[in-house]
Amino acid sequence: MAPDDIDVIRARLAAHPRPADLAERRARIDGLGAGYALPSDVVVEPADADGVTAEWTRTPAAEGDAVILFLHGGGYVSGSLTSHRHMVAQAGREARARTFALDYRLAPEHPFPAALEDALAGYRFLLASGIAPARIALAGESAGGGLALATALSLRAAGVPLPGCLWLSSPWVDLALTGASMDAKAAVDPLLSRAYLSELAGLYLNGADARGPLVSPLGADLAGLPPMLIQVGSAETLLDDSVRLAAVAGAADVAVQLEIWPHMIHAWHLFYPEVADGRRSLASAGAFVARRLGAR
């Protein structure tokens with residue numbers, strides 16, 4: 001039986017279904033995060049990462065120069081600093097690190113590879129700012145998780161030093177939508193369906209190959225990538241993206257930790273103030289990041 005707290009979130013989402021208009025969709029996702037007050041001890045500082053809008057967050061728990069570079073979810077067409085600020089700040093608290101979130105360009109106005117270009121600019125900005133790559137955790141949720149992985153692949157190809165670790169939350173890594181859970185979990189996922197994801201993929205790809213390794217890194221050679229934590233809910237159509245990604249990474253000799261959280265829905269971390277497993281999963285992610293970056 002699902003915990004009562006996640007059922008409250010399910011009911012709220014059902015009462016406010018996704019609108020058809022893109023601007024309204026973006027406002028809806030921003031509203032999911034903006035509804036949670038930011039703790040008073042969180043310091044937010046706007047930043048410009050070589051032309052990419054970004055922001056730092058810091059809590060009193062931050063130690064040293066460890067940084068989580070975070071790429072928000074939203075299917076490449078929505079999501080923002082506003083939608084994920086509270087969750088990103090809490091992840092930083094748990095990891096005892098500062099966070100650096102990017103407001104990368106969105107499709108359909110800016111299709112692939114705009115988001116990837118912005119993510120790479122953000123990472124290079126941190127390096128130029130004197131942050132050692134081993135002190136950076138490259139992280140993302142949903143589309144942001146796939147983008148984080150594509151960023152790591154692009155850095156490897158360019159010979160740029162890789163981050164200390166990857167934290168991928170419900171990553172979307174197969175834009176061809178071939179996972180069995182796309183249909184098997186359709187009845188229990190309140191946020192993502194095959195039809196909706198197909199629409200998002202079309203807007204982002206804009207004619208690019210859906211199986212290309214920089215849009216669907218599930219099919220990429222992952223050898224040499226840093227240790228990764230993958231977190232996913234059991235009630236997600238994207239469940240198989242994470243399960244298959246863990247297998248592909250492990251087969252490539254990448255140290256990988258896969259966590260499947262029972263009954264959790266897509267992006268459940270966003271609701272952590274109300275959902276106990278949201279808090280627990282962020283604590284687990286924070287411990288992983290801190291351990292890999294040497295913060296503890």
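Source: prediction; values computed, not measured. Throughout, residue positions are numbered sequentially from 1 according to the sequence presented.
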- Note on the structure: Rounded to the nearest 0.5 angstrom, the CG-CD1 distance for Leu13 and Ile6 is 8.5 Å

- Item | Point-to-point distance, once rounded to the nearest 0.5 Å, from CG of Leu191 to CG of Asp189 | 6.0 Å

So which atom in [X] and which in [Y] form the shortest heavy-atom distance, rounded to 0.1 Å?
{"X": "Ala148", "Y": "Gly140", "result": "CB-N, 4.2 Å"}
{"X": "Pro226", "Y": "Pro163", "result": "CB-O, 3.3 Å"}
{"X": "Ala66", "Y": "Ala97", "result": "O-CB, 3.5 Å"}
{"X": "Phe271", "Y": "Ile265", "result": "CE1-CD1, 4.4 Å"}
{"X": "Trp172", "Y": "Ala201", "result": "CH2-N, 3.8 Å"}
{"X": "Ile230", "Y": "Ser242", "result": "CG2-OG, 3.4 Å"}

Taking 4.0 angstrom as the limit, do [X] and [Y] come out as a salt bridge?
{"X": "Asp41", "Y": "Arg93", "value": "yes"}
{"X": "Glu63", "Y": "Arg96", "value": "yes"}
{"X": "Arg124", "Y": "Glu117", "value": "no"}
{"X": "Arg85", "Y": "Glu55", "value": "yes"}

Any donor-acceptor N/O pair, [X] side chain to [Y] backbone, under 3.5 Å:
{"X": "Arg292", "Y": "Pro227", "answer": "no"}
{"X": "Ser181", "Y": "Ala184", "answer": "no"}
{"X": "Asp241", "Y": "Val173", "answer": "yes"}
{"X": "Asp277", "Y": "Arg280", "answer": "no"}
{"X": "Arg156", "Y": "Leu162", "answer": "no"}
{"X": "Asp5", "Y": "Ala276", "answer": "yes"}
{"X": "Arg105", "Y": "Ala115", "answer": "no"}

State, with a plain yes or no, whether a side-chain heavy atom of [X] is found less than 4.5 Å away from one of [Y].
{"X": "Leu126", "Y": "Leu69", "value": "yes"}
{"X": "Leu229", "Y": "Leu168", "value": "no"}
{"X": "Leu214", "Y": "Leu116", "value": "yes"}
{"X": "Trp261", "Y": "Ser234", "value": "no"}
{"X": "Met182", "Y": "Leu192", "value": "no"}
{"X": "Glu141", "Y": "Leu270", "value": "yes"}
{"X": "Leu238", "Y": "His266", "value": "yes"}
{"X": "Tyr76", "Y": "Leu200", "value": "no"}

- Query: So, Asp30 versus Thr82: side-chain donor-acceptor pair below 3.5 Å or not?
  - Reply: no

- Message: Between Ser170 and Glu236, do the side chains contain a donor N or O and an acceptor N or O under 3.5 Å apart?
- Response: yes

- Task: Supply the members, apart from Val42, of the Ile/Leu/Val/Met/Phe/Trp/Tyr cluster built from side-chain contacts under 4.5 Å; use none for a lone residue.
- Result: Leu38, Val44

- Tyr123 and Val160: CA distance, side-chain angles, deciding distance, side-chain contact (heavy atoms from CB on, under 4.5 Å) verdict: CA-CA 10 Å; Tyr123 185 83; Val160 178; 4.0 Å; yes

- Could you give all pairs that pass the side chain to side chain donor-acceptor pair (under 3.5 Å) test and reach residues 197-226, with sequence neighbours left out? Arg25-Glu199

- Message: Evaluate Arg291 against Glu94 for salt bridge (Lys or Arg N to Asp or Glu O under 4.0 Å), listing each step before the verdict.
- Response: CA-CA 11 Å; Arg291 185 170 62 252; Glu94 295 289 355; over 6 Å; no

Residues forming a side-chain hydrogen bond (donor to acceptor under 3.5 Å, both in side chains) with [X], sequence neighbours excluded:
{"X": "Trp167", "value": "Gln231"}
{"X": "Thr178", "value": "Asp174, Arg244"}
{"X": "Arg10", "value": "none"}
{"X": "Asp7", "value": "none"}

What pairs with [X] under side chain to side chain contact (heavy atoms under 4.5 Å, CB included), at least two apart in sequence or on another chain?
{"X": "Asp103", "result": "Thr53, His72, Ser80, Leu81"}
{"X": "Ala132", "result": "Arg135"}
{"X": "Ala47", "result": "Ala54, Trp56, Phe100"}
{"X": "Asp21", "result": "Ala23, Glu24"}

- Arg194: partners by salt bridge (charged side-chain N to carboxylate O under 4.0 Å, His left out), with sequence neighbours left out: Asp183

Find out if a path of hydrophobic residues (ILVMFWY) with successive side-chain heavy-atom gaps under 4.5 Å connects [X] to [Y].
{"X": "Val248", "Y": "Met228", "value": "yes"}
{"X": "Val275", "Y": "Ile29", "value": "no"}
{"X": "Ile68", "Y": "Val43", "value": "no"}
{"X": "Val52", "Y": "Ile131", "value": "yes"}
{"X": "Leu147", "Y": "Leu218", "value": "yes"}

- Query: Can you list the steps and then say if Leu32 with Met87 is a side-chain contact (heavy atoms from CB on, under 4.5 Å)?
  - Reply: CA-CA 11 Å; Leu32 293 178; Met87 186 270 281; over 6 Å; no

- Would Leu138 and Thr151 satisfy side-chain contact (heavy atoms from CB on, under 4.5 Å), going step by step from the backbone distance to the final call? CA-CA 9 Å; Leu138 182 53; Thr151 301; 4.0 Å; yes

- Can you run down the ring-ring contact (aromatic ring centres under 6.0 Å, His included) pairs that involve residues 2-37, sequence neighbours left out, and say none if there aren't any? Tyr36-His86

- Message: I'd like to know whether Ile136 forms a side-chain contact (heavy atoms from CB on, under 4.5 Å) with Leu293, so could you lay out the CA-CA distance, the side-chain angles of the two residues, the decisive distance to 0.1 Å, and finally the verdict.
- Response: CA-CA 7 Å; Ile136 300 172; Leu293 301 190; 5.9 Å; no

